[in-house]
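Structure first, commentary second.
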Amino acid sequence: SHFLYLNLWRPLNHHCYCAFYEECGRNPLLGPTLIPPIVPCLNYSKARPVTGDHYKKLKQVLFLLQVCPILDRGENNTYACCSIKQLTSLETSLTLSKVVLIRCPSCAENFAHLHCITTCSPNQSQTVKVTKVMNVTYLGREKEAVVGYQAFINASFAEGAFQSCKNVRIPATGGFAVGTMCGRYGAKLCTAQRWYDFQGDSSNGLAPLDIDFRLLKEGDTTVLPEGVIPYSGTALKCNETTPSGGQVCSCQDCQESCPIVPPPPPPSDPLRLFGVDGFFIISVILFCLLVLAFLVFLIVSFMLRSKQRKSEEKHKTKCKDQNSNDVTQQVIYPSEVTCTDRISLAAHSFLSLLFQRWGTFIASYPLTVILVATAIVVAFSVGLKSIELTTDPVELWSAPSSRARKEKDFHDTYFDPFFRTNQVILTAPGRQGHIYNSLLFGQQNFSGLVSKDLVIQLLELQKRIQFWSDDLNSTASLKDVCFAPLNPSNPSLTDCAVNSLPQYFQNSLDNINAKVNMTELGVTKEVDWRDHLIYCLSSPLSFKDITDLGMSCMADYGAPVFPFLAVGGYENDDYTNAEAFILTFSLNNYARDNPKFKVAMQWEKEFLRIVQEYQKDPACNFTFAYMAERSLEDEINRTTAEDIPIFMISYAVIFVYIAVALGEYSSWKRILVDSKVLVGLGGILVVGCSVLASMGFYSWIGIPSSLVILQVVPFLVLAVGADNIFIFVLEYQRDVRRPGEKREEQIGRVLGNVAPSMLLCSLSESVCFFLGALSTMPAVRTFALYAALAVVMDFVLQMTAFVALLSLDARRQDSNRCELLCCVTVSTQRPNKPNEGFLRPLMRKYYAPVLLNCYVRIIVMFVFIFAFCGCLFLMFHVKVGLDQELAMPKDSYMLVYFEYLYKYFEVGVPVYFVTRKGYNFTSVEGMNGVCSSVGCDQFSLTQKIQYATDYPDRSYLAIPANSWVDDFIDWLNPGSKCCRLYTIGPNTGKFSVWACTNNCMASPGDGVLRPSVEDFNRFLPDFLGNRPDLKCAKGCVFGLGAYDTAVVRDESGEIIASRFMAYHIPLTNSQEYTAALKTARELAHNITLGMRNISGTSPDFEVFPYTVTYVYYEQYLTIVPEGLFNISMCLLPTFLVCCLLLGLDLCSGLLNLFTIIMIVVDTVGVMTLWGIDYNAVALINLVTAVGISVEFVSHMTRSFALSTKPTHAERAMEATANMGSAVFAGVAMTNLPGILVLALAKAQLIQMFFFRLNLVITLLGMAHGLIFLPVLLSYFGPGVNKAVLLQLQQAKSKASKELETRSNVGPTYDNMSYEDSETKKGQRL
C-alpha cells in the first residue's frame, strides 16, 4: 500500500458535490483502536438523494442521536454524501464521545452537528479538502481511500459549540467531560481548537482518520483554498432548547442556566468595638470597674474605721495573749451572737468531736484497721482482672448518643466502614529536572522526581509490598482484605485497589519501557512512557492513549487513577512537574471483633516493616514518609509504654519528697527515728490503693478505663492525698500531748482539729467529679467517675489506714526505735515540745507580715485583677482543637507523614452526603430533586453541592459530588449504548452485557429521559452490577465499582440509604476540620429542607454529611458549652459544701468560689499564651484544676473563718502561717517535682497537657491560694465568729477561777501555756 498527499488537489466547488463517498474498509495506517477505523473512498461526485431505507436510516440517526437535523429536507428533497454504511459507522463513532456529553442536549447536538457536516453534508466539497489518500484493496478491488482531510469551519460556530460543552460534567468523578476529550491539555487548558484537534486525531482510538480542523475567523481568507467556503452554521447555546425538543442544559453543566445564587455569608467577624477587638475593650472596662470598686471600698472602709475606732475602744479590755503580750480583745455578750454564728460553731464542734472519737478508736486498733482496709481494697481491686482499656479514639471522645457517632454507625451499617488507608509519599529532593520536547504535546517540564528510573523504583517498591503476603504468610494475604471495587466477592491480587503512578502503565515494566516511532504532521519522532504519562494525567478515564503506543490509562484493577491520587506538590495541574509520588493501598475495614480485622492489622504491620526496611536501603533514591491505618494507635500506645518509666520516676520523686518533708529532724542522732519514710510510703500506698479500688470497682460494673485515667487520676488523688497527709502529720508534730492523755487520744484530738478541713476538700472534689460525670464525652465522663470514687476512697483510707499507720509510727517514735531498723534504738529522747519545722516560722515571721502589709496588699489586688482581666481577654482567643500531630511522640514517623501530607496533597478527604430512608427516588420529581443534568431541579441535592464548591474557602468543598442518579439516567439513555436487552434466546428482554440491537428505553423527544417506577426498579440492579467495559462508553464511571455500594435497598426494593461522594479541600488543622464539619452540616440541612418539600418525602427524611474524621472533630463544635457545663458542675458543690460545712457561711463560700474561678480563667489565659489548645484533654485537666484549687483555697478559707484574731489582717496572717505552710508543703511542693519530671516525656501530648498545663495549674493555684486569697480575705473575709469568741471568753474565765482556787497549791507540772495554745488552735480549726 502507498499513500499520496494531495496538496494540489482542486475540486470543483459545485453545489451538492461530495469529496468522498462510501466506505473503503479499514484505515491501514492505524493499529488496534477502540472502534474499527473505517475510512471513506475518494469520490468527487454529486450528492446522492436519500430515499427509502437510506432515508429511514438517516432519519433514525438524525432523530435518535440528534445529529444535525439541518440535513433533513424531506424524503424526496434530502441529499447527503454518506451511504447507509457510513451512517452506521458515524453512529458508532459518535456514540462513544457523545455519551459523556448527552447530559447537555445542545452540547451533544453541536458536537454531532459538525461531524455530520464533514461526513454527510451535500455541500461536502465546499467544506473539506482531502489531503491524504491511500490505495487500498477492499472487497477484492483496489480503491483510493481518504485517510486525511482538512475541514474549514467558521471560528464563531466552533467556539459556540465548545462553549456549550466546556462545563459538562461527569457525575461519577466530578470532573469535566472535555477533560477526557482534549488530550494533554485537560479541561483547564482546553480551547475550541484543541478540542477539535483531539477529535480529528486518529491516534485517540475513536477517529477513523486524521482531520485537520481549520477554524477561520469571519473574513479571514489568507489560508483559505480556492473555492472553499468555511461552514458557518449556528451553534446552540447551552441554555437554549434544541430543534428536536431537547431542554436547556442544567446549571451544573451550563453556567448560563444557573440561577442567581447569592454567595454564602462570610465567616462572622470577631467582636469589634470602635475598630478594636471587642473582648479587649470589655476586659479593659472590667479592669477599670474592678479597680474603681476596690478603690471605693478602700476609701469607704477607711472612713468607717476612723469613725468607729473610738466607739469600739470603749467596749474593749486588756488581756494577755499566749506570748504574754498585751492585746485588745473585744468583750462578747451572749445577745450579740447570731444564729449563723451558733450554727457554724455547732457544725465545727460536731465534726471535731465526731472525728476525734473516730481517730481515737482507729488509733487504738491500728493492725486490725489496716487489715480490714487492706481486705476492702483487695476486694475492690479484684475487679482489675476484668479491666478493659479503651484505646479506640472513637470510643474515647465520641459519645454513642452523639450525632456524629450515630451517623457513623448508620454509614458503617449500610455502606461498610470507611476503607483502611496505607500510604507512602515519596520525594526526591535535589534531583535535576528536564524539559521533554514531545512530538504530540510540545515542550513539557518534568521534575527530577518524574523520571523513568524513579518510576521503576516506585513500581519495584509497590510490588515488594503487594506480593509479600502470598509468599510469606498465607494468613495475611492482601487479596483477602484489600478493597477490590470491581471484584469484591472473590478478588485476585490485581483486583486490589492500589493507586500509584505506575498504574497508568498497568504496573507493567514492559509498558514503562515501551517506545515507538510515530509520525505526526510530517514529523517522525520516538514516543515513550513520558508521552503516555502526559496524556493519562490529563485523561485518566481513557482506555487508549493518542500515541502509537496505544496503551490504556486505566489501572490494572479496572478503575481510573485520578492525578491527585498519584502525584502531589504540583501547581496549576502541571502534573509532570510534581514533587511527590503517592502510593496508596486501600484495605477493607472490619469491626474489631471480625477475624479479618486481625488479618488486616497483620498485613499493615508487615507493610510498615517492609517500608521501614526499604527506607534504610542504601540503594533507595527516595526521601519519603509513610503511614498505615494502624499507625496512630500504634504510636500512641508505643509512646505511652515508653513514658511509663517517666511516670514511675515522677511518683518516686514525689515519694522521696514526702518521706523527707514529713520528718521532724530535731537532732542528727534521732534522724532515723524522726524520719517519716514509712509514713510517706503509707501515704503513697493509700493514694495507690484508692486508685486501684476505684478502677477495680468500675471494672466490676463494666465501665472501661483509659490511658488518660491511668495518667491523670493518680496525680489528682496524690495532690489531694498529699495535702491531707501533710496537714494531719504537721499538725500532729506541732502538737504536744496533754497531761494524762494517751497517744491514741492525742491522735484523735489532732484528727478532730484537721479532719473537718480534709472533709471539706474531699467532699467538694468528689461531688464535683460525680457531677462532672454528667458530661456526654465518654473520656471526660469516665475520668470524672474514676476520679470521684478515687477521692472518696482516698479520704476513707486516710481516715482509717493512714491514721492507724501514724499510730504505729508514733509508738515506734515514742520507743526511740529507728525506722526500717525497728530493733535499733537510740538514747536521745524526743523533746517534749511542739515541732514547727522551718516553714511555719518562716511564713509567720517573714512571709505573712510582708504579704499583708497595707501597701503590698493593694499592689497584690491590682496585679491579680489585671491578670484576671488580661487572662479573660486571652481566654476568648484560645484555640479550640487538638491537632493529631500532638498525639505523636517527637521521634514518630507519623510527624514526617503529616508534614508531607499537608505539603503535597492537593485534595482533602472524601465526604459523603448520605440519605436516609423516606425519599422516593423512583418518581420523576424525586429524581429531579437529586440529579444535576438536563431537566433537573436547579436546587437539587447535587446542584447545591455544586454551588458550594464555587466557594471552596467557605464551604471547604473542592470537588462536586458524584451522582448515581445522573449516571443511571445516562446509562439508560439509548445514546450511551449501555443498557441493552437480549433480543433472542431464553433471556429475551433481560439485560445483556453484549451489544444487542434493543435499547432498554426509547429516546425522549425533549432529551429529558426519566424511567418509570417499573423501569427504575427493573434496571437499577443491572446498572449497579454493570462492570465497566468499552461497550458502555462511560466505562469506569458506571455501575460496579463506582456505585454498587452507594445504593442500599430493602427486600421490597425501596432505597433506604444512598450516598453521594464529594471531596473536601486539603484540611491541615483541627480548626479547619471542625469548620468543614460545621459547613457541611449546614449544607446538608439546607438540602434536607429542600428535599422534604418534594411530594412523597417522609417528614423525618434527612441528608447528613459523613467522612471518617467527623466523629473525632464533632466534639469541638460543643466543647465550649460542654466545658462550661462541666466546670460549673464542679464549682457549684465547692460553694455549697464550703457553706454547709462552715455553718452556712456564705461569705467564705463566695470568696472560695471567686478565687477558684480566677484560677480557672487565668489557667485558660495562660494556655493561650503558651500555645495549649482547648480540647477534651485540656477540659479534663481544667476539671482537675478545680479539684486542686479546692486544696489550695478551702483549707485557707476555713482556717481564716475559725480564727479569733481581732482584725482581718491578723486572722489572714494566722491562716497563712498555720495553714499556708501545710498547703505549700502538701500541694505545691508535692506536685511540682513530679510535674517537672514529666518534661522528659517523649509524648508531645504528655508534655503539652500533663507537664505544661499541670505546671500552670499548680503555679496559679499556689499563687492564688498563698498570695491572692490571704489578701482577699484580709479585705473581704467574714467577720470573726462571735460564738467562738464567746466560748473562748467563757473558757478563759473558767480557767481563771480554777487558778485562783489552786493558788495556794504548790507548783506542779503544768503545760497550760501549750494547752492554752491548743485550745485556741482547736477553736480556730
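Everything numeric in this text was worked out from a predicted model, so none of it was measured.
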Check step by step if side-chain contact (heavy atoms from CB on, under 4.5 Å) holds for Val39 and Arg26. CA-CA 6 Å; Val39 292; Arg26 185 182 176 89; over 6 Å; no
Within a strict 4.5 Å, meaning less than it, do heavy atoms of the Phe581 and Val455 side chains meet? yes
Other residues, nucleotides and ligands only: do more than 12 of their heavy atoms fall within 6.0 Å of NZ on Lys544? yes
Measure the acute angle between the ring planes of Phe198 and Tyr535, then classify it against the limits of 30° and 60° as parallel, tilted or perpendicular. parallel
Distance in Å, His113 NE2 paired with Thr242 OG1, rounded so as to fall on 0.5 Å steps: 13.0 Å
Measure up the Phe562 and Phe564 rings against each other and bin them: parallel (under 30°), tilted (30 to 60°), perpendicular (over 60°). parallel
Gln199 side chain to Ala207 main-chain N or O, any donor-acceptor pair under 3.5 Å? no
Say whether Gln503 and Tyr557, considering side chains only, have a donor N or O and an acceptor N or O under 3.5 Å apart. no
Looking only at the SG atoms, are Cys931 and Cys936 under 2.5 Å from each other? yes
Under 3.5 Å side-chain donor-acceptor pair for Gln457 and Asp453: no
For Phe213, the option from Tyr196, Phe162, Tyr231 that meets ring pair (Phe, Tyr, Trp, His ring centres under 6.0 Å): Tyr196
May I ask you to check whether Ser933 and Asp966 show a side-chain donor-acceptor distance below 3.5 Å? yes
Let me confirm one number: the OG1-CG distance from Thr1045 to Leu1024, rounded to the nearest 0.5 Å. 9.5 Å
Out of Leu533, Asn511, Asp545, which residue meets the side chain to side chain contact (heavy atoms under 4.5 Å, CB included) rule with Tyr504? Leu533
Do the cysteine sulfurs of Cys249 and Cys254 sit under 2.5 angstrom from one another? no
Relative to the ring of Phe1060, is the ring of Trp964 parallel (under 30°), tilted (30 to 60°) or perpendicular (over 60°)? parallel
Looking at Cys107 and Cys238, is the distance between their SG atoms under 2.5 Å? no
Sub-2.5 Å SG contact, Cys258 and Cys251: yes
We want to know whether Asp531 and Ser438 form a side-chain donor-acceptor pair, criterion being a heavy-atom distance below 3.5 angstrom. yes
Run the ring pair (Phe, Tyr, Trp, His ring centres under 6.0 Å) check on Phe446 and His434 step by step: do they pass? CA-CA 5 Å; Phe446 275 70; His434 68 281; 5.3 Å; yes
With a sphere of 6.0 Å drawn around CD of Gln255, does it hold more than 12 non-hydrogen atoms of other residues, nucleotides or ligands? no
